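Quick notes on the structure that follows.
The figures that follow rest on heavy atoms only: side chains count, while hydrogens, waters and symmetry mates do not. Atoms within each ligand, like the ligands themselves, are counted from 1 in listed order. Keep in mind it's a predicted model, so treat the numbers as computed, not measured.
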Amino acid sequence: MSLTKTIASAIAGLAFALVSQNATAQDYPNRPITLIVPFAAGGPTDVISRIVGDHMSRTLGHQIVIENIVGAGGTTASTKAKNSPNDGYTLITGHMGTHAASVALYPNLAYNPSTDFEPISILAGTPVVILSKKDFPAKDLKEFITYVKANADKLNMAHAGVGSVSHVTCLLLNSLLGVNPVAVPFNGTGPAMNALVGGQVDYMCDQIVNVVPQINGGTIKGYAVGTAERNPALPDLPTAKEAGLPAFEAQAWNAMFAPKGTPKEALDKLNAAVVKALDDETVRKRLLELGSVIPTKQQRTPQELASLVKNEINRWTPIIKKASSTN
Ligand code: MLT
């Protein structure tokens, strides 16, 4: 082939690649999108993903299909998401555990939360509540602390796997109390909550999204919320500071990520769909009833999520190292 023909064919090939990439970006999405939830169905990550994902499906014109992949405190699913095709058709809801705390707990973590994912948007802030089974012999946080300190070797604590929010925040609680109860892992706090209601486990630290009906219905006890202010969904529940444990500062968050290298056009459409969902009155009502904190417009940018991940890794790493050394 002559040099002119070779150059012409290379240019034609490049032009075709650019046109088809553009067409792909323009008609994104043209089929259902999988949203991986790294915990069992019915728990907080699942519930938030379904509420927001359902509205996004309508905006995008294609279904967001939830796929629950459980194991290792959400790190199994996060590894799978990292290794999925970066074409905008596989996403993950990560949280304070999978995309921050796990860094300190898994020395061989197979992904880097900051560099292996494209941040899309924060979905919800989720204050963490200290809970027990309903017949636990304590009526408030002071009595809970006294009883746990005196009986830790007979108690067990539920969590959703090493590195999950429920694990890490109870690690903080246990280290503040100087106790080391038996830890019972579940595939999510959905099933862990069933065990708490059933009285098979003694206590748990869980995201508020999973606890409001149970506390209001008296099937479990709530002692304190780990945020600076009380939560409007549970106005009678004191803050940990009010109840005498100010160092229990525990607010988690859930956020949407895509594998690194997902096209910007897809990321922009996904971010716009999240923003629209979080402005929708029905979505907001549902999230607020469950005690979530809805991110402000400014907090819904990919840049905000990227800096949240960075700040949370920096915040939780020393807390976990200290708590692990005393537990
Ligand atoms: C956690 O503890 O990380 C969560 O509550 C997990 C879940 O969504 O079940």
Side-chain angles (χ1 to χ4, degrees), residues 35-53 66-81 91-106 109 113 122-132 156-174 183-197 201 203-215 220 222 225-227 231 248 250-257 287 290-293 308-309 312-313 316 319-320 323:
L35 175 58
I36 296 176
V37 167
F39 295 97
T45 319
D46 183 73
V47 167
I48 290 170
S49 300
R50 285 177 199 272
I51 294 172
V52 179
I66 304 289
E67 187 182 354
N68 300 87
I69 300 176
V70 302
T75 61
T76 304
S78 304
T79 304
K80 173 137 197 238
L91 313 172
I92 182 163
T93 303
H95 69 8
M96 187 211 91
T98 59
H99 281 64
S102 290
V103 172
L105 283 159
Y106 291 88
L109 194 65
I122 301 171
L123 303 179
T126 52
V128 173
V129 181
I130 302 172
L131 310 159
S132 75
N156 59 46
M157 168 207 108
H159 66 74
V162 171
S164 63
V165 169
S166 44
H167 173 250
V168 170
T169 52
C170 254
L171 203 60
L172 171 63
L173 174 69
N174 293 340
V184 185
F186 291 81
N187 281 333
T189 51
M193 178 57 75
N194 292 339
L196 193 69
V197 170
V201 289
Y203 71 98
M204 175 158 91
C205 302
D206 199 6
Q207 297 174 69
I208 195 164
V209 174
N210 204 31
V211 312
V212 175
Q214 289 85 345
I215 290 181
I220 60 169
V225 62
T227 39
N231 191 286
F248 185 77
Q251 152 131 312
W253 44 269
N254 285 257
M256 194 176 282
F257 299 86
L287 288 174
L290 294 169
S292 317
V293 179
L308 178 69
V309 168
E312 286 282 274
I313 292 172
W316 282 101
I319 294 176
I320 291 165

closest protein heavy atom to atom 6 (C) of ligand 1 is Phe39 CG, 3.3 Å
Once the angle between the rings of His99 and Phe257 is folded into 0 to 90°, is it parallel (under 30°), tilted (30 to 60°) or perpendicular (over 60°)?
parallel
Among the heavy atoms of His159, does any lie under 4.0 Å from an atom of ligand 1?
no
Using modelled atom types and a 3.5 Å cut-off, is there a donor and acceptor pairing between side-chain atoms of Tyr203 and backbone atoms of Cys170?
no
Protein heavy-atom partner closest to atom 9 (O) of ligand 1 - residue, atom, separation in Å:
Thr189 N, 2.8 Å
Is it the side chain (CB and beyond), the backbone, both or neither of Asp206 that lies under 4.0 Å from ligand 1, heavy atoms counted?
side chain
Report yes or no: does Pro44 have a heavy atom closer than 4.0 Å to ligand 1?
yes
Just to confirm my output: which protein heavy-atom neighbour is closest to atom 2 (O) of ligand 1, and how far is it?
Ser166 OG, 2.5 Å
Between Ser166 (side chain only) and Ala160 (backbone N and O only), is there a donor and an acceptor less than 3.5 Å apart?
yes
Checking Ala158 now: which residues fulfil side-chain contact (heavy atoms from CB on, under 4.5 Å) with it, not counting sequence neighbours?
Phe186, Ala192, Val201, Met204
Gly188 neighbourhood, listing ligand 1 atoms whose heavy-atom distance to it stays under 4.0 Å
9 (O)
So, Thr126 side chain and Ile208 main chain: donor-acceptor pair closer than 3.5 Å or not?
no
What protein heavy atom sits nearest atom 8 (O) of ligand 1, and how far off is it?
Thr45 OG1, 2.5 Å
Among all the protein's non-hydrogen atoms, which is closest to atom 3 (O) of ligand 1, and how far away is it?
His95 NE2, 2.7 Å
When you measure from the side chain of Tyr106 to the backbone N and O of Thr75, does any donor-acceptor pair fall under 3.5 Å?
no
Element-labelled atoms of ligand 1 that are located less than 4.0 Å from some non-hydrogen atom of Ser164:
1 (C), 2 (O), 3 (O)
I want to know if ligand 1 touches Gln207 in the polar sense, i.e. an N/O pair below 3.5 angstrom.
yes
Check His167 against ligand 1 and report side chain, backbone, both or neither, counting heavy atoms closer than 4.0 Å.
neither
So, does Asn68 use its side chain to make a donor-acceptor pair with the main chain of Phe39 at under 3.5 Å?
yes
With sequence neighbours excluded, tell me which residues meet side chain to side chain donor-acceptor pair (under 3.5 Å) with Asn231.
none
Atom 1 (C) of ligand 1 sits nearest the protein heavy atom Val165 N, 3.5 Å
Nearest 0.5 Å, please: how far is OG1 in Thr189 from CG in Asp206?
3.5 Å
